[in-house]
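What follows is one structure encoded as structure tokens, with my remarks underneath.
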Amino acid sequence: MKKYLLSLVTLAVTMTAVAQDYDLNKPFGFCTVSSRTDASSTYNCKGGGCYTYPVPTDFTGTVKVLTSNGPDADMKSTIANAIKQNNVVVLDGSNGDFIVSSNVGITSSNKTIIGINNARICTRWYVTQEIKDALDAAGVPSMSTSSGGGTLPNGQSVNEEAEYNTRRIIMELTGDQSESYRNSGCLSLSGAKNIIIRNITFVGPGSIDVGGSDLISFTNGAKNCWVDHCAFQDGMDGNFDITQKSDFNTVSWCTFSYTDRSYMHQNTNLIGSSDSETTGFLNTTFAFNWWGTGCKQRMPMARVGKIHMLNNYFSCKNSSNCINPRKNSEFLIEGNYFDSGVKRFYKSDGATAVTWAASNHHVENNSLGNLNSFGNTVTVPYDYTIAAAGDVPATVQAMAGATLTFDDDPSGIMNISNEATKNDPKIYNLKGQCVDSHYKGIVIVNGKKVLNK
């Protein structure tokens, strides 16, 4: 018991050290600026006007709270209409998962989407064991993913052997000549600006090589968006891709993983879909994220943009590559932690510049080559603090994902700051929220003491 309590104290102090320099209820990073170099070009990323729950009493915008209509109901149009017609949409998971037949398209701007009560958006279609057995019998895993292919029975031409045979086999098993299953994703932002998405779990059909949908995609200039404290699992093509001139976006405190539902193509995050992406866009911050079980590559793979990798945690054992700077990209990589079993975690392929900071920590040596900086020193136009890499595993594992527990009283949500923790006698939890003595868990008093009730 003494050892357990000591571990709790150590974990709490570690997380406090990291959290003191960040308000976990506030956007930061590239979503808060409108220039890749000029710090004075700030942007007020507020989504639909607020991004906590309950919505403040003085909020004047429109709010819609949704619950699921049941496991057989397609919630796609309900969610889409709510987002279109309201400033803030709250997905309440108390009645079960939100099942969608295909991506909910978002084209309007200035919106907030918040999850409460373990809200999950899940795709209706998923990869079955029957499908996986048929693909195994055909030898799909050993087929080429870059050449070969043919023409499918529905007339579609496919240029990759593995994708061609995967789609052909699924078509034969399901009889779905339209291949509607390939649209199995959750959200797609096209040209939308100032969108905030928080505290939602996204569950896909399982990764499979069919050129299908991502769990979330940003396309056509989606801009100044903040995706925070979300969990991404089993995306079909990718978990979360950002392409086509999308710009100034932040992904923070999110988790990315795959389960046994996934078959192949566990390529989690793509920034820039081709070498012909227009330069000057795709500037993205990834901070305090966790790439975990099943992730194979693209964590992220990026072209064109300036990518800031800050204090992320990688426990994706047996991955083929984690961070992959590609053509015309610039990477600032600092304070990240690559855990045991992660041996292939960095390789640059044609990037313009990479700054690999000494603050990164890797348990294993990188079998893909040297960890070197090159080109001009990469900088970003916003303020931030680098947490010690050694503090990252415990902090991120405890706090990343759809883990936010919003306070009952919005006025009680307070920042963790050095001044607050030194001088305010109130009790705070690790989310930065003011709580009372009935809170069950680790809390911090004056930034030092631990209480476990």
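Everything quoted here is computed from the prediction, not taken from an experiment.
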pair Leu66-Val89: side-chain heavy atoms closer than 4.5 Å: yes
Asn336 side chain vs Asn312 backbone, donor-acceptor pair below 3.5 Å: yes
Pairwise salt bridge (charged side-chain N to carboxylate O under 4.0 Å, His left out) hits with a residue in residues 290-305, at least two apart: Asp275-Arg303
Sidechain-backbone polar pair: Ser184 side chain, Arg182 backbone, donor-acceptor under 3.5 Å: no
Asn110 versus Asn194, side-chain donor and acceptor atoms under 3.5 Å: yes
Close side-chain approach of Pro153 to Gln177, heavy-atom, < 4.5 Å: yes
Basic-acidic side-chain contact under 4.0 Å: Asp97, Arg120: yes
Full working for side-chain hydrogen bond (donor to acceptor under 3.5 Å, both in side chains) between Ser262 and Ser207: CA-CA 5 Å; Ser262 288; Ser207 60; 3.2 Å; yes
Ser213 versus Asn103, side-chain donor and acceptor atoms under 3.5 Å: yes
Val127 side chain near Gln129 side chain, heavy-atom distance below 4.5 Å: no
Proximity of His308 and Tyr384 rings by center, below 6.0 Å: yes
Sub-6.0 Å ring centroid separation between Tyr313 and Trp291: no
Side chains of Ile131 and Tyr263 in contact at under 4.5 Å (non-hydrogen atoms): no
Residue pair Ser276 / Ser274: nearest heavy atoms and the distance that separates them: OG-OG, 2.8 Å
Criterion side chain to side chain contact (heavy atoms under 4.5 Å, CB included) on Ser257 and Gln233, from CA distance to verdict: CA-CA 5 Å; Ser257 64; Gln233 177 181 299; 4.1 Å; yes
Taking every non-hydrogen atom, the tightest pair across Ser252 and Asp228: OG-OD1, 2.7 Å
Verdict with supporting geometry, Glu364 and Arg344, salt bridge (charged side-chain N to carboxylate O under 4.0 Å, His left out): CA-CA 9 Å; Glu364 311 274 3; Arg344 301 163 62 88; over 6 Å; no
Any donor-acceptor N/O pair, Arg124 side chain to Asp72 backbone, under 3.5 Å: yes
Check: Lys84 main-chain N/O paired with Lys111 side-chain donor or acceptor under 3.5 Å: yes
Side chains of Asn224 and Asp247 in contact at under 4.5 Å (non-hydrogen atoms): no
side-chain hydrogen bond (donor to acceptor under 3.5 Å, both in side chains) pairs, two or more places apart, involving residues 151-171: Asn154-Glu179, Glu163-Arg167, Asn165-Arg168, Arg167-Glu179, Arg168-Glu172
Check: Val396 and Phe314 side chains under 4.5 Å, non-hydrogen atoms: no
Heavy-atom closest contact (Pro141 atom, Asp136 atom, distance): CG-OD1, 3.9 Å
Under 3.5 Å side-chain donor-acceptor pair for Thr284 and Asn249: no
Modelled atom types, side-chain donor and acceptor of Lys223 and Ser246, under 3.5 Å: no
No-hydrogen, no-angle side-chain donor-acceptor test under 3.5 Å, Asn87 and Thr62: yes
Under 3.5 Å donor-acceptor, Ser359 side chain and Glu334 backbone: no
Gap separating the CD1 atom of Ile307 from the CD1 atom of Ile323, nearest 0.5 angstrom: 10.5 Å
Check: Asp234 side chain, Val203 main-chain N or O, donor-acceptor pair, under 3.5 Å: no
Aromatic plane relationship, Tyr181 with Trp125 - under 30° parallel, 30 to 60° tilted, over 60° perpendicular: tilted
Test item: Asn360 side-chain N/O and Ala357 main-chain N/O as donor-acceptor pair under 3.5 Å: yes
Aromatic plane relationship, Phe30 with Phe248 - under 30° parallel, 30 to 60° tilted, over 60° perpendicular: tilted
From CA spacing to verdict: side-chain hydrogen bond (donor to acceptor under 3.5 Å, both in side chains), Ser68, Asn95: CA-CA 6 Å; Ser68 172; Asn95 198 40; 5.1 Å; no
Polar contact flag, side-chain donor to acceptor under 3.5 angstrom, Asp92-Ser94: yes
Side-chain heavy atoms of Ile216 within contact of Ser188, under 4.5 Å: no
Backbone N/O of Asn239 and side chain of Asn269: donor-acceptor pair under 3.5 Å: no
With Arg198, the side-chain contact (heavy atoms from CB on, under 4.5 Å) member among Thr112, Ile113, Leu404: Leu404
Check: Gly238 main-chain N/O paired with Asn267 side-chain donor or acceptor under 3.5 Å: no
Whether Phe345 and Phe338 hold their rings parallel, tilted or perpendicular, with breakpoints at 30° and 60°: parallel
Between Asp241 and Ser217, a side-chain donor and acceptor under 3.5 Å: no
Ser319 and Asn321 side chains, donor-acceptor separation under 3.5 Å: no
Donor-acceptor contact present, side-chain Asn199 to main-chain Gly115, <3.5 Å: yes
Tyr51-Trp226 aromatic ring centre distance below 6.0 Å: yes
Student check: side-chain heavy atoms of Gln297 and Asn324 closer than 4.5 Å: no
